[in-house]
Asks: 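Have a look at the structure that comes next, please.
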Amino acid sequence: MNKFLPFLILALILTLIPPVGSSANTTAIQLGSDALFNQFHHLIEGKKVGLITNQTGLNSQMVSTIDILRRDRSVHLTALYAPEHGLDGKTVAGKQVTSFVHPVYAIPVYGLSGSTRKPTPEMLKDIDILLVDLQDIGSRTYTYISTLQYAMIAAKEQGKEVMVLDRPNPLGGTIVEGPVVELPYRSFIGVDTLPLAHGMTIGELALFFNRTIGVDLTVIPMQGYTRNMIYQQTGLAWIPSSPHIPNLTSVFGYLATGLGEGTPIRQGDHFTWIGAEGLDSHKYADLLNGSLLPGVIFIPENKGTAGGVLLQINDLHQFNPAKTGIYALAYAKQLQPFPMPKSTSMQISMFDKVMGTNKIGLLLEQGKSPQEIVSSYEADLKKFIELRQKYLIYGDEPFIPLQPIQQKQPKQPKQPEQPKPSKPEKPVTPTPPQPGNNNGTTNQTKKPEPATKPIPQTPKSSEKIAYLTFDDGPSSVTPRVLDTLKTHQVKATFFIVGREVAGHEAILKRIVAEGHGVGGHSYSHNYQLVYKNMESFFADVEKGSQMIEKATGVKPTVFRYPGGSTNTVSLKYQDPKLYNKQHTVMQAIKAEAQQRGYTFIDWNVTNGDARSNKYTAAQTLANIKQQVKSQKEIVVLMHDSSTKSPTAEALPEIISYLKEKGYRFEVIQADRPTVSNVK
């Protein structure tokens, strides 16, 4: 029996380890790290990866992102980068995090706190992409977000990509408070024009920072997260983010008790107590309780000769940590006058760095009330709230990450060399490039021509265009969609499943007669069949195309991949004898599609009706509103199969909303290849 004991122990251990990338969990949300490995893994395949992380870099199943990457044979984890407090989160504040070679992983671990806060070129030379997986606490002074900003600048300088795996703001996204950083007072605890409580996730902050950096940035959003969600509602376990932030109570108390740097006011008990030597605890509590600050009660409590108050937070949604901290400083100054630290032309005081300005210190020195101090920064705070709006990812409805959020910077074209003077030659009429052929070579297979070739409209730079698209029809729902489009004088594009044509020929003819576009969407829409191999895919697509042409007289010139061009479901059905994770069936299909001159159309906005047949019209409208920001060109994915009545019901409001946002509507044409790359 003893000889089998090691094997039994090993089997037990293996049953306790969740599978890599598993999405099965009891949490209310899934993190960006979950979404990366479950949905968007192709973005890192074949790349050399550097990872900025620490002990908080765990997925919703409590599996380390480091371990997931090390067990992933399709990527190469080449370096780790540790922020303040180190890779294990145990280094005390202010102590430099050293660099070393990891004794187990045998890769360099670079410290980004102390004398080297910004990754050097040497630190980045062996990576293609820099991943960031860190849990922030919602305070501008917490240096993990500063490390993110410094790393983005370094990556931009070295031509590296940055990918941020999003995580919750523990304080939620609705409390935005405190003075905004002014340019002369920027520091490692205030790297941008942020207030003390910014109300943004680390992914949203990356988008905000990138407005002035311009690095190639990808944010992998969370699933199920909403703007007003605090950490306790996520279902995630809290991992102590640093030695003095062991629990969520300390997270919420951090800004309320930790703003007195350089003054006699200090925090205690992991940011749950604030006070000072000689302060009258009862008078202090009376002043603070009398201010009726929401969500908190102040309990007088002495610590030796120091008087102060213990924070008893009773409503985490209403509690405003930064405003509470301003009130706590102001009332302490009233009860026990003390000199305020002042900045000079040679050195900025730590207090002013925390505040991001010298104005708060001056107002405290003048004995101003907390109400007057809060009023002094309200105008700047309002400007920030307006500025941050365009960088927010999440709204009031649970977010569904249908695609990563990418800010790719256009590559600067090389300046052509000046030709040497030569004798003039006989002018030659240039041959226009073939649509869909991006490499300058001549297509061997002629692209199918429409019955009447439309003249594409080139949008003006100031115009915003929306392309409404409907997949999987025609069906009994399609006439309702057509009626709405006719009423609102809007054109759309329908991607037809060939097997649905029989019996619906009249609907197809109406689509064409009313000026809408018709595209192919395979014949069977059977993933198991179409993604078995390249030949099966094109045979299925062509069969569907023939059905459409027979019914309408028009052969489709635009098509849509079942599941989209970035789908991963094809990996499940590809023939393992022909393909693997490094050489996939989708890669083969895309290469062949380019040779054949096909124009495949993706999308960048969806109403979400593909996820379930149990949905409401209100939900589809909310999904549209969540994703439409200020894009110049949007392709909206919807469906008109027989189970999609709520989509038809919501369509009038969707059209009205897009018109209010300044969009005009167009039919997708093969001559406008830019719309094929929006996803």
Side-chain angles (χ1 to χ4, degrees), residues 137-142 169-180 189 194-199 228 230-232 244-245 247-261 263-276 279-301 303 306-336 351 354-357 359-361 363-364 368-378 380-381 384-385:
I137 68 167
S139 167
R140 183 251 298 153
T141 63
Y142 209 63
N169 182 326
L171 307 179
T174 59
I175 299 295
V176 183
E177 186 62 63
V180 178
I189 56 174
L194 298 172
L196 284 168
H198 46 70
N228 61 357
I230 59 175
Y231 201 90
Q232 287 85 339
H244 288 293
I245 308 289
N247 51 47
L248 288 168
T249 303
S250 59
V251 171
F252 279 80
Y254 179 80
L255 282 172
T257 64
L259 301 181
E261 287 281 351
T263 75
I265 306 302
R266 61 183 174 86
Q267 66 85 20
D269 296 341
H270 301 304
F271 299 101
T272 60
W273 179 91
I274 183 171
L279 195 65
D280 188 313
S281 296
H282 290 277
K283 288 183 179 180
Y284 194 31
D286 288 344
L287 283 171
L288 285 165
N289 285 323
S291 66
L292 300 179
L293 286 163
V296 62
I297 296 172
F298 302 91
I299 311 298
E301 182 176 292
K303 290 189 177 297
V309 293
L310 185 70
L311 274 64
Q312 183 176 303
I313 303 170
N314 53 35
D315 190 334
L316 293 171
H317 282 285
Q318 294 297 318
F319 178 60
N320 189 321
K323 182 179 286 188
T324 300
I326 296 294
Y327 273 65
L329 285 175
Y331 284 137
K333 185 75 165 63
Q334 287 181 21
L335 290 174
Q336 189 186 61
F351 183 86
V354 170
M355 293 298 165
T357 174
K359 294 175 182 175
I360 305 303
L363 291 171
L364 286 168
K368 297 296 183 181
S369 69
Q371 293 84 356
E372 290 174 305
I373 296 173
V374 169
S375 178
S376 73
Y377 59 71
E378 283 182 345
D380 288 337
L381 194 60
F384 166 76
I385 291 172

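These values consider heavy atoms only, across backbone and side chains, with no hydrogens, waters or symmetry-generated copies.
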Asks: Name the residue from Ile299, Leu288, Val296 that meets the side chain to side chain contact (heavy atoms under 4.5 Å, CB included) definition with Val309.
Replies: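 Only one option passes, and that is Leu288.
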Asks: Take atom NE2 of His317 as the centre, draw a 6.0 Å sphere, and report whether it contains more than 12 heavy atoms from other residues, nucleotides or ligands.
Replies: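 Enclosed.
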Asks: Just how far is it from atom CZ of Phe384 to atom NE2 of His198, taken to the nearest 0.5 Å?
Replies: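 One finds 8.0 Å between CZ of Phe384 and NE2 of His198.
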Asks: Atom CG in Asp269, atom NZ in Lys303: separation rounded to 0.5 Å?
Replies: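 Going from CG on Asp269 over to NZ on Lys303, the span is 3.5 Å.
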Asks: To check you understand the geometry: which heavy-atom pair defines the closest contact between Val176 and Pro195, and what is its length?
Replies: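 Taking Val176 first and Pro195 second, the nearest heavy atoms are CG1-CG, 3.9 Å.
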Asks: Search all heavy atoms of Ala328 against all heavy atoms of Ile274 and return the closest pair with its distance.
Replies: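 Residues Ala328 and Ile274, closest heavy atoms: CB-CD1, 3.8 Å.
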Asks: Please walk me through it: do Leu311 and Phe252 pass side-chain contact (heavy atoms from CB on, under 4.5 Å)?
Replies: CA-CA 10 Å; Leu311 274 64; Phe252 279 80; over 6 Å; no
Asks: Quick check: closest heavy atoms across Ala256 and Phe319, and the distance to 0.1 Å?
Replies: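 So the minimum-distance heavy-atom pair works out to CB-CZ, 3.9 Å.
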Asks: Please report the interatomic distance NE2(His270) to CG(Asn247), rounded to the nearest 0.5 Å.
Replies: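 His270 atom NE2 to Asn247 atom CG measures 7.5 Å (nearest 0.5 Å).
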Asks: Please work out whether the ring planes of Tyr254 and Tyr142 are parallel, tilted or perpendicular, with thresholds of 30° and 60°.
Replies: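 Taking Tyr142 first and then Tyr254, their aromatic rings stand perpendicular (interplane angle over 60°).
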Asks: Name the residue from Thr141, Val180, Leu329 that meets the side chain to side chain contact (heavy atoms under 4.5 Å, CB included) definition with Met355.
Replies: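 Looking at Thr141, Val180, Leu329, the match for Met355 under the side chain to side chain contact (heavy atoms under 4.5 Å, CB included) is Leu329.
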Asks: Please confirm whether the backbone N or O of Ile137 pairs with a side-chain atom of Tyr231, one donor and one acceptor, at under 3.5 Å?
Replies: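 Not confirmed, Tyr231 side chain does not pair with Ile137 backbone.
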Asks: Within the 4.5 Å heavy-atom criterion, are Pro179 and Leu196 side-chain neighbours or not?
Replies: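 Result yes, sub-4.5 Å side-chain heavy-atom pair found.
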Asks: Specify the closest pair of heavy atoms between Phe271 and Ser250, including all atoms of both residues, with the distance to one decimal.
Replies: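 That closest heavy-atom pairing would be CB-O, 3.9 Å.
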Asks: Distance check, rounded to the nearest 0.5 Å: Leu293 atom CG versus Phe298 atom CZ?
Replies: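 It is 5.0 Å, given to the nearest 0.5 Å.
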Asks: Hey, does Pro294 have a side-chain heavy atom less than 4.5 Å from the side chain of Asp315?
Replies: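 Counting from C-beta outward, Asp315 and Pro294 never come under 4.5 Å.
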Asks: Do Thr272 and Thr257 touch side chain to side chain, with heavy atoms closer than 4.5 Å?
Replies: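 Heavy-atom side-chain distance check fails, nothing below 4.5 Å.
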Asks: Taking only residues two or more places apart in sequence, or in another chain, which ones meet Thr249 in a side-chain hydrogen bond (donor to acceptor under 3.5 Å, both in side chains)?
Replies: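 Scan of Thr249 (side-chain hydrogen bond (donor to acceptor under 3.5 Å, both in side chains), adjacent residues dropped) gives none.
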Asks: Are side-chain heavy atoms of Glu177 and Ile326 found at a separation under 4.5 Å?
Replies: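 Glu177 vs Ile326: side chains apart.
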Asks: Pair Leu171, Val251 - check side-chain contact (heavy atoms from CB on, under 4.5 Å), show working.
Replies: CA-CA 8 Å; Leu171 307 179; Val251 171; 4.1 Å; yes
Asks: So which heavy atom on Leu279 is nearest to which on Ala332, and how close?
Replies: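 Residues Leu279 and Ala332, closest heavy atoms: CD1-O, 4.1 Å.
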Asks: Would you indicate whether Glu261, at its atom CD, is surrounded by more than 12 heavy atoms from other residues, nucleotides or ligands within a distance under 6.0 Å?
Replies: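 At most 12 heavy atoms, drawn from other residues, nucleotides or ligands, come within 6.0 Å of this atom.
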Asks: Please step through side-chain contact (heavy atoms from CB on, under 4.5 Å) for the pair Lys323 and Val374, ending with a clear verdict.
Replies: CA-CA 7 Å; Lys323 182 179 286 188; Val374 169; 4.1 Å; yes
Asks: Closer than 3.5 angstrom, by distance alone: can the side chain of Ser376 be matched with the main-chain N or O of Ile373 as a donor-acceptor pair?
Replies: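 Yes: the side chain of Ser376 pairs with the backbone of Ile373.
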Asks: Please report the interatomic distance CD(Glu301) to CG(Leu310), rounded to the nearest 0.5 Å.
Replies: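 Rounded to the nearest 0.5 Å, the CD-CG separation comes to 5.0 Å.
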Asks: For residues Leu335 and Asp280, report the shortest heavy-atom separation together with the two atoms involved.
Replies: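 Nearest heavy atoms, Leu335 then Asp280: CD1-O, 4.3 Å.
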Asks: Any non-hydrogen side-chain atom of Ser291 less than 4.5 Å from a side-chain atom of Tyr331?
Replies: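 Sidechains of Tyr331 and Ser291: in contact.
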Asks: Tell me whether Arg266 contacts the main-chain N or O of Ala276 through its side chain, where contact means a donor paired with an acceptor under 3.5 Å.
Replies: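 It does not hold such a pair.
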Asks: May I ask you to decide if Gly307's main-chain N or O and Ser281's side chain share a donor-acceptor pair within less than 3.5 Å?
Replies: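 Answer holds: no.
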Asks: Ignoring hydrogens and geometry, is there a side-chain-to-backbone donor-acceptor pair from Thr324 to Asn320 under 3.5 Å?
Replies: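 Pair found, side chain donor or acceptor close to backbone of Asn320.
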Asks: How far does OG of Ser375 sit from CG of Leu381, to the nearest 0.5 angstrom?
Replies: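 Going from the OG atom of Ser375 to the CG atom of Leu381 covers 11.5 Å.
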Asks: Would Tyr327 and Leu287 count as a side-chain contact (heavy atoms from CB on, under 4.5 Å) if you check the C-alpha gap in whole Å, the side-chain angles of each, and the deciding distance to 0.1 Å?
Replies: CA-CA 9 Å; Tyr327 273 65; Leu287 283 171; over 6 Å; no
